[in-house]
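The sequence lines fix the lettering, A, B, ..., with proteins before strands; numbering per chain opens at 1.
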Protein chains: 2
Amino acid sequence: MTTNREPRPGDVPPGAALLPVTVDVVALTVRDDALHVLLVERGVEPFRGALALPGGFVLPDERLGEAARRELAEETGVRTPGHLEQLRTYGPLGRDPRGPVLSVAHLLLAPEFGVVHAGSDAGGAAWHPVEHLLRDAAGHPGPDERTGATVAGRRLAFDHERILADGVERARAKLEYSALAAAFCAPEFTIADLRRVYEAVWGVRLDPRNFSRKATGAVGFLEPTGATTSGGTGRPAALYRAARPVPGPVPGRPHGQDPDDAPASVPAVLDPPLMRPSR
Amino acid sequence: MTTNREPRPGDVPPGAALLPVTVDVVALTVRDDALHVLLVERGVEPFRGALALPGGFVLPDERLGEAARRELAEETGVRTPGHLEQLRTYGPLGRDPRGPVLSVAHLLLAPEFGVVHAGSDAGGAAWHPVEHLLRDAAGHPGPDERTGATVAGRRLAFDHERILADGVERARAKLEYSALAAAFCAPEFTIADLRRVYEAVWGVRLDPRNFSRKATGAVGFLEPTGATTSGGTGRPAALYRAARPVPGPVPGRPHGQDPDDAPASVPAVLDPPLMRPSR
DNA sequence: TCCCTTTGTTGTCACACTGACGATAAAGCG
DNA sequence: CGCTTTATCGTCAGTGTGACAACAAAGGGA
């Protein structure tokens with residue numbers, strides 16, 4: 001619909017700023033019943049050696065969502081699955097010692113994927129439990145306080161701690177009123193798998209009986225496959241997959257879609273919502 | 001915490017894009033029991049003569065929220081009141097015929113304010129009913145279909161129609177679980193004033209008796225002043241003001257704050273939420 | 001002055017949803 | 001074959017909700 005050429009100086013009023021733009025990705029997954037975030041160790045200044053969200057500069061003629069997927073692929077070595085959406089824009093002042101930089105943060109919710117290789121300017125990507133990284137910010141109290149503390153107070157580069165907090169809060173909120181929890185699961189999953197996702201993201205324990213009633217009762221959420229699990233301990237569980245989003249736009253309700261982002265794999269609105277406890 | 005100098009070419013990797021960045025503002029108010037948006041008529045190409053959201057290029061050493069307030073002031077002639085928050089970032093491709101431009105959209109919820117003068121590059125700002133501007137996008141059906149249609153199909157410049165739709169949807173959603181409806185009202189208001197805000201934004205009719213029960217029952221929402229209205233027709237109504245936000249951060253719940261944005265006048269989370277009907 | 005209209009506020013009631021928890025079903029394991 | 005483990009169904013009291021009756025408190029006109 002329009003040309004994709006470089007902006008010419010004549011297009012922009014004199015005095016307007018031309019800003020370097022980066023994308024940073026809060027990639028979340030559920031691993032060992034705990035919420036984890038993908039972090040890289042910075043190999044260049046500033047913040048060399050510190051942990052940071054994967055990300056980097058947007059290239060010319062590149063869309064924001066493309067840039068996020070590309071940076072993620074470059075720094076993990078794999079083409080990442082999952083649901084990607086824009087989170088919020090930070091800056092341009094007071095966040096990078098090199099000068100004004102605008103960062104468009106994105107949020108990725110995905111089943112756990114293996115990290116293959118260390119990128120060019122980052123010393124390896126790895127999953128880190130978010131609980132240890134958000135001790136001071138207005139996070140949840142946490143289910144249990146371990147005595148043998150790990151790397152509790154490790155600080156992230158730039159303003160990435162705040163971006164992480166915003167991303168986690170967005171994920172927690174979205175589980176309430178959207179079907180996005182399935183983005184953390186394999187294509188087929190049990191109600192218990194889904195419940196463990198909610199428990200890990202919210203940091204609470206949920207009653208399996210009440211959760212099953214609400215999850216299967218919500219319209220447009222789950223679709224039984226007919227198959228069941230086998231081989232594990234205990235009674236086999238029915239397998240479900242995420243329900244396909246409704247074809248036409250719902251009249252009264254929002255669609256919860258980001259048309260600019262990647263074609264969403266798990267969208268739609270949850271009705272009735274699954275609210276967080278302790279209201 | 002850092003220097004505010006211009007980015008030097010050496011700071012940015014070769015190949016990274018320097019992008020012009022604009023802010024656009026979806027300024028919403030309730031006027032005559034209908035949701036209105038502030039639009040300007042463009043005085044320069046592209047889209048000269050078309051209606052557009054107020055906005056413009058970010059200046060160097062300027063924060064995003066500051067730029068939004070400044071552009072609003074330049075194009076309306078008044079220092080705008082109300083709650084300002086970041087909405088979403090659009091672009092950089094396919095939205096401006098002059099080339100790639102990043103737009104960080106903002107949302108302003110405010111009581112109606114008079115527009116004073118036409119800005120330098122905009123031919124006058126004015127309030128426009130949103131209902132006429134969002135006929136095709138997944139908007140609500142609308143309370144009644146007038147026969148004598150006004151400027152129903154008028155198209156907005158750039159991708160501003162989509163930004164407007166996103167802003168309206170954000171406002172509709174936020175009324176459910178936040179105390180932001182008071183941002184549309186004068187400092188002191190009645191329950192009926194507040195109900196008319198909800199009815200205008202959601203495009204529905206609400207039962208005054210049930211609404212009164214829920215609004216006064218929600219914690220951290222309303223604070224009675226003790227005074228009542230007088231002079232109008234009917235029984236006088238009690239006056240309220242928005243409750244002050246809680247001092248410390250709530251442990252379990254998000255604060256709903258945007259620390260980068262202007263010091264919010266009306267924040268906090270609504271408990272229990274006031275849900276939109278027709279679930 | 002006395003209705004009458006208008007608007008705000010309190011109450012009532014049936015229904016749906018929720019959390020707590022008992023009971024049952026269906027596997028593997030010794 | 002009981003025992004453990006996990007999944008699933010039922011029950012029941014408490015609570016929020018929509019629909020609606022009833023009452024309260026002003027102004028306006030005959």
*Using a strict 4.0 Å threshold on nitrogen-to-oxygen distance, state whether B/E176 and B/R170 make a salt bridge.*
no

*Residue whose nearest DNA chain C nucleotide is more 5′ - A/L274 or B/T190*: B/T190

_So if I take residues 231-240 of chain B and measure heavy-atom distances to DNA chain C, which residues fall below 4.0 Å?_
B/T233, B/G234, B/R235, B/P236, B/A237, B/A238

Could you go over nucleotides 1-4 of chain C and give all protein N or O partners under 3.5 Å, atom names and distances?
none

For [X], enumerate each residue passing the side chain to side chain donor-acceptor pair (under 3.5 Å) test, keeping only those at least two apart in sequence or located in another chain.
X      : answer
A/E188 : none
B/T190 : B/D193
B/T29  : none

*For residues 211-224 of chain A, which residue pairs qualify under side chain to side chain donor-acceptor pair (under 3.5 Å), counting only residues two or more places apart or in two chains?*
A/N210-A/R213, A/E223-A/R241

*Members of residues 208-218 of chain B that approach DNA chain D, where some heavy atom sits under 4.0 Å away*: B/R209, B/N210, B/R213, B/K214

Gap between atoms [atom1] and [atom2], on [X] and [N] respectively (whole Å):
X      : N      : atom1 : atom2 : answer
B/R205 : D/dG18 : CZ    : P     : 16 Å
B/D193 : C/dT9  : CG    : P     : 11 Å
B/E176 : D/dT17 : CD    : P     : 12 Å
B/R276 : D/dG16 : CZ    : P     : 21 Å
B/L270 : D/dG16 : CG    : P     : 13 Å
A/L206 : C/dT18 : CG    : C1'   : 13 Å
A/R195 : D/dT6  : CZ    : C1'   : 9 Å
B/L194 : C/dG8  : CG    : C1'   : 14 Å

*Using salt bridge (charged side-chain N to carboxylate O under 4.0 Å, His left out) as the criterion, list what pairs up with A/R235, not counting sequence neighbours.*
none

*Any side-chain donor paired with an acceptor under 3.5 Å for A/Y90 and A/D166?*
yes

For [X], give me all partners under side-chain contact (heavy atoms from CB on, under 4.5 Å), at least two apart in sequence or on another chain.
X      : value
A/P129 : A/H36, A/H132
B/R205 : B/E199
A/A238 : A/Y240
A/T228 : A/P236

